[in-house]
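See structure below.
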Amino acid sequence: MTHTCIHWFRKGLRLHDNPGLMAALRDCKELYPVFILDPQLHNKSVGVNRCRFLIGALKDLDLSLRQLNTRLFVVRGKPEEVFPKLFCQWKITKLTYEYDTEPLSLSRDKTVTRLAEEHGIDVVCKVSHTLFDINRIIEENNGKTPLTYKSMQAIVKKLGPPKRPLSAPSMEDLKDVNTPCSESHEKKYRIPTLEDFGHNLADLPEEQFPGGEQEALRRLEEHMKRTAWVCNFEKPKTSPNSLSPSTTVLSPYVTFGCLSVRTFWWRLSDVYEGKKHSAPPVSLHGQLLWREFFYTASVGISNFNKMVDNPVCTQVDWDINSEYLAAWREARTGFPFIDAVMTQLRQQGWIHHLARHAVACFLTRGDLWISWEEGQKVFEELLLDGDWALNAGNWQWLSASAFFHQFFRVYSPVAFGKKTDKNGDYIKKFLPHLKKFPAEYIFEPWKAPQSVQQAAGCIVGKDYPHPIVQHEVVSKKNIQRMKAAYAKRSANTAKSLSKIQGLKRKPSSSVDMLKKKKKNNTSEPLL
DNA sequence: AGCCGTGTTGCGTAG
DNA sequence: ACTACGCAACACGGC
């Protein structure tokens, strides 16, 4: 019992399958579970729903920690300034945390690791946010980033199944561990409120998906009970506009790490066991592999969240049009299906994957010809499951900038929603102004005769906007613009090829990349 | 995991 | 018994 240890929670807001936390408990006499509120990260640019989710997750984490006779310390400030103080104040000898692949996290963690080592502190970093060590996936592919799902599947097959999840720590694991808590804990280390993030509580929408590990595990079990549904799951066959979600909505919990992706994976394997079941890419396992795929791309491809200097991204002459962008963001495009989806996004912080397809296509190559980077920012703010890698990857996919290249496949803002919601009930739910419109006109109210509009109590141009573009006209024009961008792209093939070779990376494990010096490997490999 | 126009097939039914 | 017609479901190709 020699160590005084900080376990640093960032993502991974859970006790189950938390190898970093388990490493903290080894030979530990004093434990400080810490979450850092970084004003550069946690501010009003994070949407109110996301903030609420994070607060819920922190409260739940604190509750679970208290049951183990320890508790959460929420510390305010920049990590590189906060940690040196904590190291001295608490006489820390070990720091543990979960590996994070995002570029900003990597540089932050490198700095903190260096500071810790300057204080003579052991640093332990574990992979548990993804199924596999993403750097291992790239190594397994000879240093090349897989750019297709198929190649990803081949690599994953070679790697074998992901590691089994660890159990949450028990009282036994903490029996010799103490967490010194002062009288002023509530004052100094309290969990933040929405006001702390600069949000106004007045017009807070009802909470649909409360944050936290307990809620995540409850939700997982609720869905895993539906054996046939799990075994038959095919993502493209689920509806983007059902009144209650047609998918699990476990993504926010995975994003914040309230649910371990490996726990999710193995729980699915349990359900599949001995039964006929759907397979990747459409199955639930397949969805987790999509996540892994985009994580890998985000690690292997430079400038992944940008068009310029991103070697896989087609360079497109997107327009700058703040009026169109605002209309899209604020759900006033005049296309009820698009506006209903954007309303659900703002209200609930979650929309179905195919609804994301429809609004993303509409903003970019389909209708408004606005850069996918603008859409990325809006999703980042509003989605509970807004994830750096997945957001950038999927926006590139939908805008046909990378991974997906069938740019002539354009979603209709009218027809697409009709397929799974003939009566427009979804539109009526999120755009109550339109609720009296007959099904015949609800997807295109501007076509309704004046008499119908009057009877519905909703005049287009007064109570609901005219469509901001003529879809049939702009979509045809945009396909031609995409065609030109692609022609230019293939003309530059030689250039691109040399860039793709620049993607090759030296083999090294995740942890080596964070650590300057390699420690003697006495007990176990770090990963 | 697109949409739309066109053409074909197959079925039921009116005459 | 046979044809003509309407309709839905499906296949295909171009964008």
Side-chain angles (χ1 to χ4, degrees), chain A residues 147-153 229 232-242 245-249 251 278-294 297 314 316 333 335-338 341 344-345 350-369 372 375 379 383 385 387 390-422 424 426 443-444 447 467 469-490:
Chain A
L147 296 176
T148 63
Y149 191 84
K150 257 204 154 40
S151 60
M152 183 72 188
Q153 279 179 292
W229 183 82
N232 295 324
F233 185 92
E234 292 182 33
K235 188 65 166 277
K237 290 188 181 165
T238 57
S239 166
N241 49 3
S242 49
S246 62
T247 51
T248 65
V249 199
S251 52
S278 56
V282 296
S283 64
L284 283 165
H285 263 175
Q287 303 314 302
L288 300 183
L289 289 178
W290 278 112
R291 177 175 185 270
E292 211 73 3
F293 172 70
F294 284 125
T314 304
V316 177
T333 66
F335 291 92
F337 177 60
I338 299 297
V341 171
Q344 184 187 15
L345 170 61
W350 180 87
I351 51 179
H352 186 276
H353 183 67
L354 296 179
R356 300 179 198 204
H357 279 216
V359 297
C361 182
F362 186 87
L363 178 73
T364 58
R365 65 189 170 84
D367 295 82
L368 303 186
W369 203 257
W372 58 270
F379 275 22
L383 279 173
D385 58 17
D387 177 297
L390 304 193
N391 202 17
N394 279 304
W395 273 101
Q396 286 173 81
W397 180 289
L398 258 300
S399 61
S401 299
F403 311 113
F404 170 84
H405 306 287
Q406 314 301 107
F407 54 77
F408 41 81
R409 290 190 191 170
V410 178
Y411 287 85
S412 162
V414 171
F416 187 68
K418 272 187 193 170
K419 287 192 289 186
T420 43
D421 181 24
K422 267 193 189 147
Y426 173 84
F443 283 87
E444 34 197 347
K447 287 191 178 168
V469 289
Q470 266 188 285
H471 174 71
E472 318 77 68
V473 178
V474 294
S475 62
K476 285 204 184 83
K477 188 180 147 201
N478 290 347
I479 287 170
Q480 293 311 308
R481 292 178 86 170
M482 281 307 283
K483 206 173 172 179
Y486 268 66
K488 213 168 160 185
R489 192 180 82 134
S490 39

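- The nearest whole Å value for the distance from the NZ atom in Lys235(A) to the P atom in dA1(B) is 13 Å.
- Summarising the geometry, the separation between CZ on Phe233(A) and C1' on dA1(B) is reported as 12 Å, rounded to the nearest angstrom.
- In the region residues 355-366 of chain A, proximity to DNA chain B at under 4.0 angstrom, judged on heavy atoms, holds for none of the residues.
- The NZ-C1' distance, from Lys483(A) to dC15(C), rounds to 8 Å in whole Å.
- Among residues two or more places apart in sequence or in another chain, the ring pair (Phe, Tyr, Trp, His ring centres under 6.0 Å) test is passed with Phe362(A) by Phe335(A).
- Every residue meeting the ring pair (Phe, Tyr, Trp, His ring centres under 6.0 Å) condition with His357(A), not counting sequence neighbours, appears here in chain and number order: His353(A), Tyr411(A).
- Residues satisfying the side-chain hydrogen bond (donor to acceptor under 3.5 Å, both in side chains) criterion with Ser283(A), sequence neighbours excluded, are absent altogether.
- Ser278(A) meets the side-chain hydrogen bond (donor to acceptor under 3.5 Å, both in side chains) test with no other residue; sequence neighbours excluded.
- Residue contacts for Trp397(A): at a heavy-atom cut-off of 4.0 Å it reaches no nucleic acid atom on any strand shown.
- In this structure the side chain of Trp372(A) never reaches within 4.5 angstrom of the side chain of Leu398(A), judged on heavy atoms.
- The salt bridge (charged side-chain N to carboxylate O under 4.0 Å, His left out) contacts involving residues 411-421 of chain A comprise Lys418(A)-Glu444(A), where partners must be two or more places apart or lie in separate chains.
- By the side-chain hydrogen bond (donor to acceptor under 3.5 Å, both in side chains) test, Ser412(A) is found to be paired with no residue, residues two or more places apart in sequence or in another chain being considered.
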Under 3.5 Å, which donor-acceptor pairs link side chains of residues 400-409 of chain A to any protein atom two or more places apart or in another chain?
{"residue": "Ser401(A)", "atom": "OG", "partner": "Ser399(A)", "partner atom": "OG", "Å": "2.7"}
{"residue": "His405(A)", "atom": "ND1", "partner": "Tyr486(A)", "partner atom": "OH", "Å": "3.0"}

Taking only nitrogen or oxygen atoms into account, show me every contact under 3.5 Å that the protein makes with nucleotides 2-7 of chain B, one pair per line with its distance.
{"residue": "dG2(B)", "atom": "N7", "partner": "Arg409(A)", "partner atom": "NE", "Å": "3.4"}
{"residue": "dG2(B)", "atom": "N2", "partner": "Phe408(A)", "partner atom": "O", "Å": "3.1"}
{"residue": "dC3(B)", "atom": "OP1", "partner": "Ser412(A)", "partner atom": "N", "Å": "3.3"}
{"residue": "dC3(B)", "atom": "OP1", "partner": "Phe416(A)", "partner atom": "N", "Å": "3.2"}
{"residue": "dC3(B)", "atom": "OP2", "partner": "Lys419(A)", "partner atom": "NZ", "Å": "3.0"}

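- If you measure from atom CD of Gln480(A) to atom C1' of dG14(C), you get 11 Å, rounded to the nearest angstrom.
- Across all strands shown, Gln406(A) has no heavy atoms under 4.0 Å from either base or sugar-phosphate atoms.
- Look at CE on Met482(A): it is 13 Å from C1' on dC15(C), rounded to the nearest Å.
- With sequence neighbours excluded, no residue forms a side-chain hydrogen bond (donor to acceptor under 3.5 Å, both in side chains) with Lys477(A).
- Each end of the helix from dG2(B)-dC15(C) to dG15(B)-dC2(C) yields a helix axis from five base pairs, and these two axes differ in direction by 10° (to the nearest 10 degrees).
- We find that Asp385(A) and Arg291(A) are not joined by a salt bridge, their nearest charged nitrogen and carboxylate oxygen being 4.0 Å or further apart.
- Evaluation of the side-chain contact (heavy atoms from CB on, under 4.5 Å) rule for Gln344(A) yields Gln348(A), Trp350(A), Ile351(A), Tyr426(A), Phe430(A) as partners, not counting sequence neighbours.
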